[in-house]
Amino acid sequence: MITFIHTADWQLGKPFARVQDVAKRSRLQQERIEGIRRVGDVVRERQARFVLVAGDLFDSPTPTKTVVAQALGVIGEISVPVYAIPGNHDHGGIGSLWQQPFFVSEHRARAPNLHLLLDARPLEREDAVIIPCPLLRRQQTTDPTGWVRGHDFAACGDRPRILLAHGSVATFGTQADPDDTAGPPNVIDLDALPAAEIDYVAVGDWHGFRQAGPKAWYSGTHETDRFPKGGQQPGHVACVTASRGGSPVVEAVRTGVLDWLEARLDLGDDAARQCEDALTAVTRAAGFDRCLVDLAITGRVALAARRELDGVLDAWSHRLLRLDVRDDVVLVPSPDELRELTERVGDPIVSRVATELVSRIAAGGADVEDAREAVHVLHALCRRTEEASA
Amino acid sequence: MRLVSVTARNYRIHRERTVVFDPSRTVISGPNESGKSTIVEAVHRALFLRSRASGAVLEAMRSQIHPGHPSVELTFESGGSTYTVSKEFTGNNSAVTTLTEAGRPTLRNEQAEEKLAELLGAEAIRGRGAEERLRMQWAHLWVWQGAAGSDPLADESMERPLDRVHACLGGLGAGDVLESRIDQAVGKAIADTHAAWTKDNGQPRATSPLGQAGAALAEAEARLAAARAAIDTLEAAVAEVERADATIADNDASLAVRRSEQADNDVKLEEARTLEIRHAEQQAAATAAIARLAGLADGDRQIRECEARLAAIEARRTPAAEQRAGAVAAEREAEARCATAQAGARQCRLEQAAGAELAELHARWEHLERRRTERVGLAGRCGRIATLRAEAAELQARRDALPAVTAADLAELAALERKRDAAQARLDAIATRVELLAATDEVRLGDHGLAVGVPETITADADLTVAGTRLRISPGGGTSLTEATRERDDVAAALDARLSKAGVTDVDEARRVQPLRQTLESALEAKRSAIEDLGDRRADAELAALAREIADLEGALDAATRADFIRPDGLDAALAARQAIDDRLHELGRSLTAANAAQQAAEQRRTEARGQRDLADDVARRIDDEFRTEEARRAVLVEEHGVSRSAAILEATAARDDAERALAETKSGLAKLQPDILRQTAVRLQRAIEKLIEGRQNAQTSRTVALERLRTEGTLDPREDLARARAAERIAASRHAQADREARAYALLSGLFAEKKREVEARFVEPLTLRVGDYLRCLFGPDAVISVDRADGRLGALAVTRPEFGGVPFGFGQLSGGGREQVAAAFRLAMAEILATEHDGCLPIVFDDAFVNADPQRVAAVQGMLDLAAARGLQVIVVSCNQRDYDGLGAEPVEFVRAAYESRRAGGGESASVDARPGS
């Protein structure tokens, strides 16, 4: 029986390009490094013997030296060996970081406890045998676990056999992250493995903690890195206790601190208040400076309400680490607002123009959007002119 | 305000003229220079010119014909009252103005002028530039001559009236404000923003938000493309390394295969080489064996052929000899025949020669006979000639006996005689005649006594003596008498001379002699001519010659005669004999010809026979030659090839067969190996190997290069860069969309503001444009449309749109001459209507010769337009040369007649003061 930590998909060096604020972006990147420290904490707490990283330590096969140095530094602080295989993002193909001189020297200097398993060959420990299935090419059409199928396990003896692989298990598809540049992942056929000979399969690629087979688990990423798909639980490591011939005991331990949330709102006259309340509610738990929100808003608001709503959205975009707004709100001036524009007795031209715009909006022709925008602008200009002369 | 009547005195052509105006419609017509324009000018002056005006204006009003200051009295209605203004224009302070309102005291001078100005809403004019400024007073209501076609909105003189119209419109509108302060401010803000954001062609300005967003988007897209390109480069390098590795591996594998192939091939190649050498040797041996065999066989064959030929030749010998014998016999026979034919021919020739001689003799005899006949004839002729000669001699003698008077002589003589007679007659005529009638005594005239009853002519002074009385008679005529006498004497002498020359005594004799002579001469001539015809002397000569010839011929004949020649007797006999001998000759000739032919044929046959014989000789000789030649050849061959040839041939045949068999074996062995293919394969394999090695080296190089490219600096992660670039592009795109929305909104607003502003202004100008439209439609039909724009608070340009002109708006300047007059008139009428609201709803409007460019159809339309104006309350006054043009208006006519005619009628240079009243 041994206890070890299974983690994956650290995606160190991920750019978070959609976050425009440089400081916030940097914060997100830094948090991932910090997360590894937290993994170290879990190792100490649970007295794990080693750490398995099932691929995608780095987000890119060509991370900068800074990222490499930071990563190796923080890995070096983990007290136990760390066994890692390349994934599809940081594959072991030509030109990738694992052979780069800087990585080699930093590895030697800062993280001697990191063992890169680049060969399809078991690694023998006293207390376990680790069977790595590394991805050595940019695109590998074959199943990286293929070599295991015919392997002779006799030499492994009584030690628990732990398979380490990265890819998608056919059953539940892939995650299409719009930022993902790595291309389609490899497919792993778990059923083809000699089930009796293997005591735990540590898989990476799926970013949420999830069981993939009778003895196979995805640990998910240690720190959430994208808006999770339905039901996903990112931000964990797996604490595993495995024995030869037995079922492994797997526990998800939280290591993530950031909240990636989604919200949908249908807005009406009270749009600003609705928005404010909703956003406050979802970010209460983590605190809004640890939240990233994907907000979809629909509905119809009048001119004044629109202005207020814009104000609220602007404020929250600065509070949160990231606020993505999908804005499908239709601007519908209220009858009063319309009257205010179309029935200006003393301003015949403005009245006529406003009346014309309103009739175009009602007619719903090709220029409806332009007309709406024009009403908005006109309303603002009139208000500004009146205020200026007041 | 309405005009009632006007009276002008001492005003240019008018001594005193009054015109009463119809309240609605007046047409003033008349010929040129009848003072129509003058009268309406007078009205205008009365209204607007101060009576104290001087200078050019005043001078223009003064009359050349009528003494006294010009004065005008005008009655008009205004504000419910009737006024009469009277002005006397003296040019100085004595000028008088009076203004009288019915039932009120009269105002004078300054007061009058002020009141008048107040009523009219204008000021009276005087001073410098009066003429100019006068024209501008109520210029909209007075269409002066020549000014009809000017643009009412552009003319300087229309400025003030238009301002007034504008002010009225303000009052007429529904109380709409045109444009509020807020309208203006917002409109301006929109227009300014739109202008700042958009170029004239609708494209965004570079400095506008949209422009900048566009630029930013383009930049972001470029960065994205660059980031992609960087990644692509890296991926390409990775692919390159992979490709190179694959190539190297493949090439190595291929090399191994090819090398082993090459080794196998080399072995086979060696084998083939060995066989080839053997093949060459065996080839040579076989060739030699074949040659030897061939040689032997050939020799044998030749000998046999020779012997065969000898036999053939021998076979031909006998027939040839036989043929020769036949030919010789034929030749001999031909010779014989030939000799016979030649003898026959010779005989014929001899006979013919004899016959010819005889014929010759007969011919000569015939000739002789002919000549004899001739001689007879000729002798006869000579006899006749002698006779004629004797006769001629006789005639000649008779002739010579006569005097020689020719016809010419006779004529001359006759002429001279006539002349003499004539001269005599003349003399007689001139001369005096004396006739003794009776005498007792002797009367002597000159030297001779006169006879009774015998007149005598006296041609010269003569004495007439009677007894003791002597009278001298001098005939008259003077010299002419003398001349005549002389003349007569001359002629008489000539005549005598001629007579004596001719040998006659008088002319009568000559007359008698001459014809006789003539006759004799004729006869003599005839004889001579006859003699000539017969040959005269020639004949004798011929006769002599002929005699000689005959003698010769006879001599020759005697010498040449033959034994068988019988002399015929006479010409006829000679001819007959000749004929017979000729016939005989013909026959002999024919015989000769036949004999010659026979001879020729025989000779020919002989020649042929000779030829045949020669041929036969030739053949025989040739046969002999051939035989000898062939025999010689055979001898040579036998010597060369020997006698026992068969054995040698058999041996050679066997040797050849062996050699060929060996060769065939070697050949088939070689064919199996396919040496050509082996060699080709060797070359091919070598080339392939070289190429593989080269390929491998190239791949190695590429790999190294690509790997180098992949070695990163480590300061940036291209994937991170790409992710950033993507995000930036997305943001730029969304910003761009937003800026675009805003720009479009502003464009829309800008357009709408301009549109609505135009609408509002059109509403403002409506009262004017509606009225102008009503008038225009009288002219141009129901679909004509007028628009007047308004700019900067003033009325701007007008435009007329008619469907028959493409429905396109035409500016005033683009109309035709007639169009301009008519549109300007319509405009003025509309203006007048609007301004009339300030003048109790009526204003007069004067058209002086304003529609000169209207065609007959348009003229009718113009009348309709003017009628409408009148119906709407205006007082329409038309001045025209053509009354007929305007009788459709139904206006009150005022007729002017020409002043000059009137003054003549009135006598003494005064113009008649005809009061022009309606209907007179």
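The chains referred to below are lettered A, B, ... by the order of the sequence lines, with proteins before strands, and numbering in each begins at 1.
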Next on the checklist: Between B:Ile731 and chain A, with a heavy-atom cut-off of 4.5 Å, which part of the residue counts as in contact: side chain, backbone, both or neither?
Outcome noted: side chain
Checklist entry - Of the backbone (N, CA, C, O) and the side chain (C-beta and beyond), which part of B:Glu240 lies under 4.5 Å from a heavy atom of chain A, both, or neither? => result neither
Measuring from [X]:[atom1] to [Y]:[atom2], what's the distance to the nearest 0.5 Å?
{"X": "B:Glu759", "Y": "A:Glu356", "atom1": "CD", "atom2": "CD", "value": "8.0 Å"}
{"X": "B:Glu720", "Y": "A:Asp59", "atom1": "CD", "atom2": "CG", "value": "8.5 Å"}
{"X": "A:Gln20", "Y": "B:Arg724", "atom1": "CD", "atom2": "CZ", "value": "12.5 Å"}

Next on the checklist: Take a 6.0 Å sphere around CZ of B:Arg164 and say whether it holds more than 12 heavy atoms from other residues, nucleotides or ligands.
Outcome noted: no
Next on the checklist: Tell me whether the count of non-hydrogen atoms from other residues, nucleotides or ligands lying under 6.0 Å of NZ in B:Lys757 goes above 12.
Outcome noted: no
Checklist outcome for this item: When the 4.5 angstrom heavy-atom criterion is applied to A:Arg372 and chain B, the contacting part is neither
Checklist entry - Side chain, backbone, both or neither: which part of A:Ser60 has a heavy atom under 4.5 Å from chain B? => result both
Next on the checklist: I'd like to know which of B:Asp717, B:Leu707, B:Leu752 tops the heavy-atom pair count under 4.5 Å against chain A.
Outcome noted: B:Asp717
Determine which residues belonging to [range] lie within contact range of chain A, meaning some heavy atom pair is under 4.5 Å apart, and list them by number or answer 'none'.
{"range": "residues 213-221 of chain B", "value": "none"}
{"range": "residues 181-209 of chain B", "value": "B:Arg181, B:Ile182, B:Asp183, B:Ala185, B:Val186, B:Ala189, B:Ile190"}
{"range": "residues 740-750 of chain B", "value": "B:Arg741, B:Glu742, B:Arg744, B:Ala745, B:Tyr746, B:Leu748, B:Leu749"}

Item to check | Summary of ring pair (Phe, Tyr, Trp, His ring centres under 6.0 Å) pairs that have at least one residue in residues 198-233 of chain B, sequence neighbours excluded | outcome: none
Checklist outcome for this item: Pair count under 4.5 Å, heavy atoms only, with chain B: among A:Ala371, A:Pro61, A:Cys382, A:Pro101, highest is A:Pro61
Checklist outcome for this item: Comparing A:Asp370, A:Val375, A:Val350, A:Leu357 against chain B, the one with the most heavy-atom pairs below 4.5 Å turns out to be A:Asp370
Checklist entry - Shortest non-hydrogen contact from B:Ala727 to A:Ala17? => result CB-O, 3.2 Å
Checklist outcome for this item: On a heavy-atom basis, the closest approach of B:Ser180 and A:Pro348 is N-CD, 4.3 Å
Checklist entry - So do the side chains of A:Arg352 and B:Glu755 get within less than 4.5 Å of each other, counting heavy atoms only? => result no
